[in-house]
Amino acid sequence: MVTKEGRGSGTMQEVSNRSDLAIFAEKYRLDEKFPDRAMERMKLVRVEKGEFLCLPGRTLHNLALLVSGKLKISKTLSNGKSLLLRFNQPLSVIGDVELVTGRPVTTYVEAMTESCVVTVDFSALREECMEDISFLTFLLQAVSSKLYTSSNSTSINMLATVNVRLASYLLSNSGSDVSEELYTPKLTDLAELLGTSYRHLNRVIRDFCDADLIERGNGRFIIKDRNRLQGLANGNIYE
């Protein structure tokens, strides 16, 4: 895992208390997905908001399971612009494709909130798990889910209107009624992520406010009518 600058682990810290790891292992029944010898080599790591777990071109050495918090997955296009792919919730997997293919990372994986991941090194998995049917089933499910969400986000980015993309983003990025990431100074970045212009995004935001779907103030957006926003998104969610 790397920081925004890609230099080491930054403020990400391994949680030395094994009881914390045991709590997450029990919650997500990791013993049903991993053999005992792989479980023994697991670590619990705390990730600060804004830190990057993955950067394009880097080689991963660990599989990571998101057990708390939220991650944003994005990609840089050939024109230098960023594009939102999806948000990850627990229990999502980072590094499954890299484990199987051995290829470098192709996306940015950023912690949207303070998060925790359970990590286990690739060498342990290759030694202990690649013939374990429970682990292989779990891995297949993770890759299949990633394929589905990637296909869905591609459809949103290519075919959906900016209204649908913004509604989808708001719903995917809000664990409660407040989307803390949408501060006004970041609207330029948000427009880029949603594949639109700053001016067009501002028009859509004004329309949402006029329709009483959201409220904009104090540097953030507040969702006022989640049901209508879900109807507008029509099931197109970045998750």
Side-chain angles (χ1 to χ4, degrees), residues 4 47-54 66-77 79-92 94 107-116 145-146 148-239:
K4 302 170 192 175
V47 187
E48 296 296 328
K49 178 181 177 180
E51 289 191 288
F52 284 78
L53 284 78
C54 298
L66 179 67
V67 291
S68 72
K70 179 180 289 189
L71 305 177
K72 180 175 73 178
I73 318 299
S74 61
K75 189 170 187 175
T76 300
L77 304 178
N79 60 8
K81 294 185 177 181
S82 298
L83 189 66
L84 176 65
L85 298 180
R86 62 187 177 276
F87 290 98
N88 279 2
Q89 308 269 10
L91 177 73
S92 61
I94 304 109
T107 58
Y108 293 92
V109 180
E110 180 185 358
M112 300 302 296
T113 64
E114 182 177 303
S115 306
C116 285
S145 177
K146 186 170 294 184
Y148 173 81
T149 55
S150 295
S151 176
N152 191 53
S153 65
T154 298
S155 298
I156 296 175
N157 289 325
M158 291 183 62
L159 304 176
T161 65
V162 176
N163 298 52
V164 173
R165 286 179 236 167
L166 179 59
S168 301
Y169 180 87
L170 288 166
L171 292 168
S172 298
N173 193 40
S174 58
S176 56
D177 290 338
V178 179
S179 184
E180 296 180 353
E181 205 244 347
L182 298 180
Y183 292 101
T184 301
K186 293 185 178 180
L187 287 186
T188 302
D189 294 339
L190 177 57
E192 183 176 301
L193 281 174
L194 297 182
T196 188
S197 68
Y198 175 84
R199 182 175 297 179
H200 192 176
L201 178 62
N202 256 328
R203 286 199 297 268
V204 173
I205 290 171
R206 286 198 300 269
D207 290 343
F208 278 22
C209 291
D210 292 342
D212 215 26
L213 292 170
I214 63 174
E215 178 181 328
R216 182 179 178 183
N218 297 322
R220 65 183 181 182
F221 295 139
I222 299 174
I223 295 176
K224 299 183 67 177
D225 194 330
R226 183 174 293 271
N227 289 334
R228 287 171 60 206
L229 209 58
Q230 288 173 334
L232 182 59
N234 194 29
N236 294 309
I237 306 295
Y238 290 107
E239 292 181 356

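Worth saying up front: this structure is predicted, and the values here are computed from it rather than measured. If you read the sequence from its start, that first residue is 1, and numbering goes on from there.
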Sub-4.5 Å side-chain heavy-atom contact between Val162 and Leu194: no

Okay, side chain of Glu110, backbone of Lys72: is any donor-acceptor separation there less than 3.5 Å? no

Heavy-atom pair of closest approach, residues Leu171 and Ala233: CD1-CB, 3.8 Å

So which heavy atom on Ile94 is nearest to which on Cys54, and how close? CG2-SG, 3.5 Å

Atom CG of Leu232 and atom CZ of Phe208: how far apart are they, to the nearest 0.5 Å? 4.5 Å

Between Lys224 and Glu215, what is the shortest heavy-atom contact and its length? CD-CB, 3.6 Å

With the side chain counted from C-beta on, respond yes when Leu85 and Ser74 share a heavy-atom pair under 4.5 Å apart, and no when they do not. no

In this structure, CG of Asp225 is separated from CD of Gln230 (nearest 0.5 Å) by 9.5 Å

Would a distance-only check, ignoring hydrogens and angles, find a side-chain to backbone donor-acceptor pair under 3.5 Å from Thr113 to Lys70? yes

Donor-acceptor pair, Ser68 side chain versus Cys116 backbone, under 3.5 Å? yes

Any donor-acceptor pair under 3.5 Å linking the side chain of Arg216 with the backbone of Ile205? no

Considering all heavy atoms, the nearest Leu187-Asn202 contact: CD1-OD1, 3.9 Å

Where do Phe87 and Ser172 come nearest, in terms of heavy atoms and distance? CD1-CB, 3.4 Å

With the side chain counted from C-beta on, respond yes when Asn88 and Ile73 share a heavy-atom pair under 4.5 Å apart, and no when they do not. yes

Over all heavy atoms of both residues, which pair between Glu51 and Glu48 is shortest? Give the atoms and the distance, please. OE1-N, 2.9 Å

When rounded to the nearest 0.5 angstrom, what distance separates CG in Leu213 from CD1 in Ile222? 14.0 Å

To the nearest 0.5 Å, how far apart are OG1 in Thr107 and CG in Leu83? 12.0 Å

Rounded to the nearest 0.5 Å, what separates atom CZ in Arg228 from atom CG in Asp212? 7.0 Å

Look up atom CZ in Arg86 and atom OG in Ser168, then write down how far apart they are to the nearest 0.5 Å. 15.5 Å

Less than 4.5 Å apart, side chain to side chain, heavy atoms only: is that true for His200 and Val204? yes

For the pair Ser115 and Leu66, evaluate side chain to side chain contact (heavy atoms under 4.5 Å, CB included) and give the outcome as yes or no after the intermediate values. CA-CA 7 Å; Ser115 306; Leu66 179 67; 3.9 Å; yes

Do Val67 and Leu91 have side chains that get closer than 4.5 Å, going by heavy atoms? yes

